[in-house]
Amino acid sequence: MISDKQILLSKTEEFLKKLYNKDFNHVTAAVDNGIVNSREYERKYGKRILKADLQYIFQEQNIAVITVRITEQDRENYYVAKNSILLVWVRRVDQWEIMHVHSAILPVDSRKLCFSGEWGSVYLLSPREILYVEARNMNSVIYYGTQEMEIHEQLSACQKRLPEYFVRVHRGYLVNAYCVLRFEKYCMLLANGVTLPIPQKRYVEVKEKLDMVLTGKKGCT
């Protein structure tokens, strides 16, 4: 015989799947008297689940509580966040319904970006820790600490997603200004010891852009 715990965990997983896939007809049917309208659900949960950890807290007679910690990805800008959801289930006759849903954004160390790589790999990276990005045909290579990651994204697309302190110093390079150690003649030295070229015609322009970001710079962290 299937226990109430198994039933509720299964129902919670199904509810979350429908919730994040924007199946709001199913969502509102699962809750008691439509406690939250579909617009409110869409505003809070119109994202993609990367990971969900469910915990069965307790059950007393006809009431049960389940908490979920979710790592979610924004479908529009690819930022990753963590969300905590508490669900209170109530048994009405032989049917379990959701009586209450509460969610809260959990603090994270830093906002991360999601990049798609080779063979279906996914990278969650802190922009601050990216040294530079290099164009490679129709793809790009991210230099992240001592690692190199080839992603399915052109350099121009990366530039739109990364913060303003990433400067296009060359047709083939996008550099984190906080990781520049010094300028040399028509090139720059980065924190990892790599030297990148700066076109002679754009040297003054690039240096001015970098200088604006580097004011008060303490180094690459």
Side-chain angles (χ1 to χ4, degrees), residues 1-130 142 144-145 147 149-153 161:
M1 182 177 179
I2 301 177
S3 66
D4 284 337
K5 178 179 179 180
Q6 291 174 305
I7 292 173
L8 288 170
L9 287 174
S10 177
K11 281 182 169 292
T12 299
E13 289 180 349
E14 181 183 9
F15 177 79
L16 291 171
K17 182 178 179 181
K18 299 295 185 181
L19 184 63
Y20 278 82
N21 284 332
K22 299 186 179 183
D23 185 353
F24 299 120
N25 288 331
H26 176 94
V27 168
T28 52
V31 299
D32 180 33
N33 295 324
I35 54 175
V36 181
N37 63 45
S38 61
R39 288 186 180 180
E40 181 71 8
Y41 277 125
E42 184 167 7
R43 182 181 69 82
K44 287 186 176 181
Y45 307 109
K47 301 176 177 68
R48 169 191 171 195
I49 296 179
L50 298 179
K51 181 181 178 182
D53 297 315
L54 281 69
Q55 184 175 1
Y56 191 83
I57 303 301
F58 72 90
Q59 178 183 348
E60 291 184 357
Q61 294 182 346
N62 295 322
I63 294 180
V65 175
I66 293 178
T67 61
V68 189
R69 286 185 174 239
I70 292 177
T71 303
E72 60 186 28
Q73 173 187 339
D74 191 297
R75 295 180 184 273
E76 295 181 356
N77 60 25
Y78 296 92
Y79 277 113
V80 172
K82 292 184 181 294
N83 195 10
S84 175
I85 301 177
L86 181 145
L87 299 96
V88 179
W89 291 85
V90 60
R91 192 197 327 250
R92 304 204 183 279
V93 191
D94 294 326
Q95 180 69 34
W96 285 98
E97 294 180 345
I98 297 173
M99 183 173 66
H100 178 71
V101 178
H102 175 76
S103 67
I105 300 297
L106 299 176
V108 293
D109 295 335
S110 62
R111 301 183 75 188
K112 294 186 178 182
L113 287 169
C114 181
F115 297 94
S116 299
E118 298 290 332
W119 309 108
S121 57
V122 176
Y123 304 113
L124 302 179
L125 306 178
S126 170
R128 187 77 175 195
E129 297 179 27
I130 297 175
I142 293 177
Y144 191 79
Q147 302 178 67
M149 308 167 185
E150 185 165 352
I151 61 170
H152 298 305
E153 198 164 327
R161 294 176 55 198

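Excluded from the calculations below are hydrogen atoms, water molecules and symmetry mates; all remaining heavy atoms, backbone and side chain alike, are included. Being a predicted model, the structure only gives us computed values, none of them experimental.
Taking CD1 from Ile66 and CG from Leu54, the interatomic distance works out to 6.5 Å, rounded to the nearest 0.5 Å.
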Stepwise side chain to side chain contact (heavy atoms under 4.5 Å, CB included) test for Phe115 and Val122: CA-CA 6 Å; Phe115 297 94; Val122 176; over 6 Å; no
Steps toward side chain to side chain contact (heavy atoms under 4.5 Å, CB included) verdict (Leu125, Met149): CA-CA 11 Å; Leu125 306 178; Met149 308 167 185; 3.8 Å; yes
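A heavy-atom distance below 4.5 Å is not found between the side chains of Leu124 and Leu113. Side chains of Met99 and Trp89 form no contact here, defined as non-hydrogen atoms less than 4.5 Å apart. Side chains of Tyr123 and Ile151 form a contact here, defined as non-hydrogen atoms less than 4.5 Å apart. Residues Asp53 and Val68 are not in side-chain contact: their nearest non-hydrogen atoms beyond the backbone lie 4.5 Å or more apart. Ile85 is listed as a side-chain neighbour of Leu16, based on a closest heavy-atom distance under 4.5 Å.
Remark: Thr67 pairs with Gln55, Ile57, Leu86 by the side-chain contact (heavy atoms from CB on, under 4.5 Å) rule, at least two apart or across chains. With sequence neighbours excluded, no residue forms a side-chain contact (heavy atoms from CB on, under 4.5 Å) with Gln61.
Of all non-hydrogen atoms in Ile7 and Trp96, the two that sit nearest each other are CG2-CD1, 4.4 Å. Across all their heavy atoms, Tyr56 and Ala64 have their closest contact at OH-CB, 4.2 Å.
The only member of Thr12, Leu8, Val65 that meets side chain to side chain contact (heavy atoms under 4.5 Å, CB included) when paired with Leu87 is Thr12.
A donor-acceptor distance shorter than 3.5 angstrom exists from the side chain of Ser121 to the backbone of Glu118, with no hydrogens or angles considered. Counting only distance, with no hydrogens or angles, the side chain of His152 and the backbone of Gly117 share a donor-acceptor pair below 3.5 Å. A distance-only check finds a donor-acceptor pair linking the side chain of Gln6 to the backbone of Ser3 [under 3.5 Å].
Sequence neighbours left out, the pairs with a member in residues 4-15 that pass salt bridge (Lys or Arg N to Asp or Glu O under 4.0 Å) are Asp4-Arg91.
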